[in-house]
Amino acid sequence: MIDSNYSDAVTERFDRAPHAGGPGAEAAGVGRAGSAADGAVVEISLEIEAGRVRAARFRAFGCPHTIAAASRLAERIEGRAVTALDAPCAAALAAELGVPAAKLGRLLIVEDALAAAVADFRDRQALPATLAAIE
Amino acid sequence: MIDSNYSDAVTERFDRAPHAGGPGAEAAGVGRAGSAADGAVVEISLEIEAGRVRAARFRAFGCPHTIAAASRLAERIEGRAVTALDAPCAAALAAELGVPAAKLGRLLIVEDALAAAVADFRDRQALPATLAAIE
Amino acid sequence: MRLPVYLDYAATTPVDPEVARVMAGCLTSDGIYGNPASVAHAPGRAAREAVEQARAQVAASIGADPGDIVWTSGATEADNLAILGAARHERGRGAHVVTGRVEHKAVLDACAQLEREGFDVTRLLPDTDGRYVPRQIEEALRGDTRLVSIMQVNNETGVVQDIAAIARACRERGVLFHSDAAQSAGRLALDVEALGVDLLSLSAHKVYGPKGVGALYVRRAARRRLEPLLFGGGQELGLRAGTLPTHQIAGMGAAFTLADERLETESLRLVELRDRLWGAVRELGDVTLNGDAAHRVPGILNLSFGGVEGESLLHAMRDLAVSTGSACTTADAGPSYVLRALGRDDTLARSSVRFSFGRFTTREEIDFAARCVRAAVSRLRALSPLRETRAAG
Amino acid sequence: MRLPVYLDYAATTPVDPEVARVMAGCLTSDGIYGNPASVAHAPGRAAREAVEQARAQVAASIGADPGDIVWTSGATEADNLAILGAARHERGRGAHVVTGRVEHKAVLDACAQLEREGFDVTRLLPDTDGRYVPRQIEEALRGDTRLVSIMQVNNETGVVQDIAAIARACRERGVLFHSDAAQSAGRLALDVEALGVDLLSLSAHKVYGPKGVGALYVRRAARRRLEPLLFGGGQELGLRAGTLPTHQIAGMGAAFTLADERLETESLRLVELRDRLWGAVRELGDVTLNGDAAHRVPGILNLSFGGVEGESLLHAMRDLAVSTGSACTTADAGPSYVLRALGRDDTLARSSVRFSFGRFTTREEIDFAARCVRAAVSRLRALSPLRETRAAG
Ligand SMILES: Cc1ncc(COP(=O)(O)O)c(C=O)c1O
Ligand SMILES: Cc1ncc(COP(=O)(O)O)c(C=O)c1O
């Protein structure tokens, strides 16, 4: 039979959605990208300990590929150094999950959400330092 | 089932074709009408005895209605007075055999063939009389 | 219960086993296999008779004369024959056609072709409940209007238009009126006299008949106001050439008769199933019923689910065979133009699902479907970062 | 032996039981009942897959790419799509179409419509054997010729044209070439590359498939040179709208594959049956074989019987289901325009009979047919007053 539009990897993640969740009390950086009108909004939240991701969570409004990719992203960045999060990840996620080329735009939204979360974390880091410098 | 174009009466006569045959040695009048291009040629031959039809035969090239009508005509005129043969017969044949209106033209050819046979008979009668008158 | 549960009866219906039997009797050597045009021999005449019997069945089903039924390859062809045929025939005399924004693609695309051929087309916007106001039609009619085409039952929402009122407005001005009733047969009692239509499109495969056969009802007075689409051989009053597919036509006839016999009891049953599904699903909150609540056929429930994305919703409910937006053209993945015309925004139009059910749908399946929908919507809403924002905003 | 013996395979063939089984599997709830357009769910995808498999089967049968097959409701629609579609598309650029006098009504009537739309049509007269000379085509081509349409196998006589040569002449001048191959499939090995056609019409019901489905092969380069006949929904490359009838299409695919498998042995068998019938009947004397004796398919024998009237001949042979003259349009009772074009006079054309046989015809049936013909002709000749005249004349 002609298969559905989703790879097994996407469907499996879409169904279980590991690492789903909103930012907890210990979230050190939260980022969002996309818009409902674009068909996808992704939120990534990071807990950071000693410059590394201790835990990552996502929420997503979007197609199964978006949800699967956000879930996989949250999973794979756990344990990584924050400095290692700047590298682009959309292409790698697409390859790993078998996302069709037409859907790459959605994965860029996932990438952007991570970038926004990292930026948020850096802003929050910078703020006390700035305040200290003023004092 | 939608029936064929032919009534049972037509088919029955078409199959058996009683009274079929060419003019025999005793034919006193033979008539033909129609043409191959018109789709029907009918020949009627009459044996006459004491002013009455002793035997009638037909041959026909034409549709089943034509053949059936010629056959029926030959049958029904047997025993009749020659003087009774001038009345039109096509409509009666059509009604009796269940011939559709569209095919009435063919029955007029049958009627014409009879008229021609009667005329032929009268011509042949008249000829000796004329010859006698001249003598 | 077989999975997925089929809830896409508006896209197509399974053929009823009784209809399939009739069809099977018109295929092989031991059945009615002749060409209905071969009236010179018995196998041909048997086929012709099957065709004529079916013509009488379909005609009886819509209160028409059998001589006014023209067989086609489906409602798409019937729509095209009605619209292109009527407009092209009168090319000299009139140049304006009126239709609506929520019509089937077959009607809209035929009208777009007319525009390419130089006709003027007015497309009426229904109100947010999906209905046209007969008044709108009257106002749209011009001196050079040739044809009005308005569907009876919308295939996405199930909304029923007031065809009789529209027909009256057209007839008063001598304008031909066509209605696509592909979704009506077996769901509404149809009567071309009561409706007052000049042309009516029908399809078999929405009524448990086969795909690939339909009919156009052509009122006698309209017969000479149509140009054929297909030429050759002069079948079907000279309006449609091509060998008549006996099994397809016999199947359509049987399907229409069967549907009429069951119409009343089946309607009641479907109303009950629909209310059951709607009752269970609306408890989720932020669920909108698309289309007029009163003027609708029972077998279609088109719902918009706030706060969930359409594609994920469908995938989460993949134990249900349903469709989003336009059914017949899932190739194009844009949001439904029908729901957009009803005023739904893009996002909501995209998260809309058409549940359509029918003769073989059971209560058990409806209950299963309700559970599926509730689980999927709840889970996706929980996954979404938008939910709080909405609640807060 | 069932009576009447069916010898009208050129009008339509019974569906092969194997094909009927495939079709039955695409109808009811326990089969492939989905809408092939509903690719969002499993029942729809199963239907889509059946359609695509059939497309590959038909494509393989004619040496084409599956992407070049457009499903239609039959060869009539395929002919119309090719002819009206190609001509109308280029309305601006060219105004001349070439066809022949012995083409099928679908082609001739489509061309007549083109004339009403302002096109110029040239109709070539074949020689008395029913074949066109490629040279004739070349001479007919003009600077503004848009399309040439010449059938491969004539439905009345079985005569085969030299399609490859005609196609070459067209291609040299950049003129689109269409061929109606409705009577070819299952009777000749078809290869669109070897033939060099741009457009090729096919039908299922002449090859033991169902009536009401066909296809148009469209060479990739010709795809954008066609205007659709039916609009709405964008199926079939945008060239033909309408819900795809899965069972019909799957049936056509199965029928084509089956016919290809059996082509060689079946051809030999049919040649033997034909020679047997012809041998027995020609002894009557004054029997003419219509059409070229060498370039013909084996399953059709068209004979003119001197000295007998056609209607009576048919009625006398009513244990045989055969046809006179044009098969697809027995409604019009005139003499066959095909035989008239071959130079037969009206009377002889009217007393011509097409015997066509195929997969289910047995030797016993052929022998019975030969006896029927001999008895009927002999008896009618004996009844005729013309016989002596002829002999004398
Ligand atoms: C309202 C409406 N019109 C026309 C059609 C097309 O009919 P068919 O599939 O018979 O071509 C459909 C469904 O496909 C429909 O729902
Ligand atoms: C040569 C030819 N072309 C076209 C057709 C029409 O095909 P269909 O019956 O599939 O419309 C036929 C037979 O009917 C035919 O013999």
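In the text below, chain A, chain B and the rest are named by the order of the sequence lines, each starting its count at 1.
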- Item | Positive for side-chain hydrogen bond (donor to acceptor under 3.5 Å, both in side chains) with Y6(A), one of R318(C), H315(C), E311(C) |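 Output: one option passes, namely E311(C).
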- Find out whether V42(A) and P385(C) are in side-chain contact, i.e. whether some heavy atom of one side chain is under 4.5 Å from a heavy atom of the other. no
- Query: Does L383(C) reach the side chain of F61(A), with side-chain heavy atoms less than 4.5 Å apart?
  - Reply: no
- Turns out that what part of D15(A) lies under 4.5 Å from chain C's heavy atoms comes down to both
- Message: Please check: side-chain N/O of R59(A) versus main-chain N/O of L386(C), any donor-acceptor pairing under 3.5 Å?
- Response: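 Between the backbone of L386(C) and the side chain of R59(A) there is no qualifying donor-acceptor contact (under 3.5 Å).
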- Check: A37(A) main-chain N/O paired with R350(C) side-chain donor or acceptor under 3.5 Å: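 Such a contact is absent between R350(C) side chain and A37(A) backbone.
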- Message: Heavy-atom pairs under 4.5 Å with chain C: which of A36(A), A20(A), G62(A), A70(A) has the most?
- Response: G62(A)
- R379(C) versus chain A, heavy atoms under 4.5 Å apart: side chain, backbone, both or neither?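 Side chain of R379(C) only, per the 4.5 Å heavy-atom cut-off to chain A.
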- Item | Contacts of E75(A) that satisfy side-chain hydrogen bond (donor to acceptor under 3.5 Å, both in side chains) - sequence neighbours left out |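 side-chain hydrogen bond (donor to acceptor under 3.5 Å, both in side chains) check on E75(A) returns R13(A), R72(A).
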- Can you list the residues that meet the side chain to side chain contact (heavy atoms under 4.5 Å, CB included) rule with V207(C), with sequence neighbours excluded? A185(C), F256(C), A259(C)
- Would you mind telling me which of L314(C), D346(C), V308(C) has the largest number of heavy-atom pairs within less than 4.5 Å of chain A?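 Of the candidates given, the most pairs with chain A belong to V308(C).
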